[in-house]
Amino acid sequence: MPKVIFQHSDGARTEVEGSIGDTLMHAATGHGVPEIEAECGGFCNCATCHVYIDAQWSTKLPPMSQHEDELLDGTVAERLPTSRLSCQIELTEELDGIIVTTPNRQT
Ligand code: FES
């Protein structure tokens, strides 16, 4: 079970156990991480699951689709080079320990 560390904008951290094949978004919503709203339920249509992935994990992530890239241009919180939509990242053993920072707001 890959561990995911959510770093909140107020500096607090939440560690959760995710499931292989589940998404980073579901690991957040299933454990009550409040900053991940995920209004569209993971269909890559809302951008309210925006997160910042710790740079050391960037090479282990799946590539970004053009649609995800376009949605990230419309996020409420500033888009950074480390921005991703958490519903588009599937958890693997390789991502065990991933550190994800949540933006201070999604809408
Ligand atoms: S949950 Fe809507 S884009 Fe990720």
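We're numbering straight along the sequence, starting at 1. Counting starts at 1 for both ligands and their atoms, following the listed order.
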Distance in Å, Glu35 CD paired with Gln106 CD, rounded so as to fall on 0.5 Å steps: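 Between atom CD of Glu35 and atom CD of Gln106 there are 8.0 Å.
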Approximate separation, where rounding is to 0.5 Å, of Thr48 OG1 and Arg105 CZ: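 That separation rounds to 13.5 Å.
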Close-range residues for ligand 1, whose non-hydrogen atoms fall below the 4.0 Å threshold: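 Correct list: Ala38, Cys40, Gly42, Cys44, Asn45, Cys46, Ala47, Cys49, Cys87.
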Closest approach of [X] to [Y] (non-hydrogen atoms, all atoms of both residues):
X: Ser19; Y: Pro2; answer: C-CD, 4.3 Å
X: Ile5; Y: Arg13; answer: CG2-NH2, 3.4 Å
X: Ala38; Y: Cys46; answer: C-SG, 4.2 Å

Within residues 55-66 or reaching into it, pairs that qualify as side-chain hydrogen bond (donor to acceptor under 3.5 Å, both in side chains) - sequence neighbours excluded: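 side-chain hydrogen bond (donor to acceptor under 3.5 Å, both in side chains) check on residues 55-66 returns Gln66-Glu70.
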